[in-house]
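Working notes for the structure below.
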Amino acid sequence: MPSMRAVLEERRRAAAVRVEELEAELVRLQTDLADAEEVLRRRVIGLEQYLEALAEDEAPAVVAVGSSRKRPTGPRRAVPHRENAAGVEDLSVDYQALMAAALDAGAEGLGARRAAVVLGWDSASVSRVEGARARLKRLVERGWLVEEKPGQFMLSAREQDAPDIGRPDGGS
């Protein structure tokens, strides 16, 4: 009959083998997760680009007349760079809603999950939250918002001083 020490050594070896197997599986799962997240990120970006292109195609061309402020003569961009826009009214309705929500959020900042709700999307859907995050990031890239803390989007100093940010429906 094996000694108690031999039994305990065998159990320790079996536990060590199990730990190594689980660690290898964990590495494989982390790699699979990273790959899946990258696919999701690319698909969200692709969807956003498609929706933006549709918005551009559907937007009527605006022609500058007389001495009025210069506007592009082709379809307007869904999110113009801040320096090229007269104000928030140059943004699409969805982006105006995000700007109003960022104003409401103040120094706390607007998160992607809340942004999804503002856009009327299911905030439990990862793809919808990522889509909202992509829109917020686009507003940051174009100078409308800042992301002082990761995931917390707020108005830039310029926009905080601007009186024209309100609700897309005209309310405040």
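Nothing here was measured: the structure is a model prediction, and the numbers come from that model. Sequence positions, counted from 1, serve as the residue numbers for this chain.
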Using residues 14-23 as the side-chain source, report each donor-acceptor pair under 3.5 Å to any protein atom, sequence neighbours left out, with the distance given to one decimal.
none

Which donor-acceptor pairs under 3.5 Å do side chains of residues 117-125 form with protein atoms, sequence neighbours excluded?
| unit_1 | atom_1 | unit_2 | atom_2 | d |
| --- | --- | --- | --- | --- |
| Asp122 | OD1 | Ala124 | N | 2.9 |
| Ser125 | OG | Ser127 | OG | 3.2 |
| Ser125 | OG | Arg128 | N | 3.4 |

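Scanning for side-chain contact (heavy atoms from CB on, under 4.5 Å) contacts around Pro2 gives Ala6, Val7, with sequence neighbours left out. Shown here are the side chain to side chain donor-acceptor pair (under 3.5 Å) partners of Glu130, two or more places apart in sequence or in another chain: Arg133. Glu141 pairs by the side chain to side chain donor-acceptor pair (under 3.5 Å) definition with nothing, not counting sequence neighbours. Legend: residues meeting salt bridge (Lys or Arg N to Asp or Glu O under 4.0 Å) with Glu48, ordered by chain and number and at least two apart, are Arg135, Arg138. Every residue meeting the side-chain contact (heavy atoms from CB on, under 4.5 Å) condition with Ala115, not counting sequence neighbours, appears here in chain and number order: Leu98, Leu110, Ala132, Leu136. Considering only residues two or more places apart in sequence or on other chains, Arg12 meets the salt bridge (Lys or Arg N to Asp or Glu O under 4.0 Å) condition with Glu9.
The salt bridge (Lys or Arg N to Asp or Glu O under 4.0 Å) analysis of residues 106-121, with sequence neighbours excluded, yields no pairs. Residue pairs meeting the salt bridge (Lys or Arg N to Asp or Glu O under 4.0 Å) criterion with at least one member in residues 25-41, sequence neighbours excluded: Arg28-Asp32, Glu38-Arg41, Glu38-Arg42.
Across all non-hydrogen atoms, the minimal contact from Ala102 to Phe153 is CB-O, 4.5 Å.
Within the 4.5 Å cutoff, the side chain of Gln152 has no heavy atoms near those of the Glu147 side chain. Leu91 is listed as a side-chain neighbour of Pro80, based on a closest heavy-atom distance under 4.5 Å.
In terms of hydrophobic clustering, with Ile, Leu, Val, Met, Phe, Trp and Tyr side chains grouped at heavy-atom distances under 4.5 Å, Val140 and Leu103 are assigned to a common cluster.
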Please lay out, stage by stage, how Leu145 and Lys137 fare under the test side-chain contact (heavy atoms from CB on, under 4.5 Å). CA-CA 8 Å; Leu145 296 178; Lys137 292 275 189 184; over 6 Å; no
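Met4 shares a hydrophobic cluster with Leu8; the chain of contacts runs through ILVMFWY side chains whose heavy atoms sit under 4.5 Å apart. Residue Val44 shares its hydrophobic cluster (ILVMFWY side chains chained together at separations under 4.5 Å) with Leu40, Val126.
How far CZ of Arg82 is from CG of Leu139: 11.5 Å, rounded to the nearest 0.5 Å.
Within a 6.0 Å sphere centred on CZ of Arg13, other residues, nucleotides and ligands contribute more than 12 heavy atoms.
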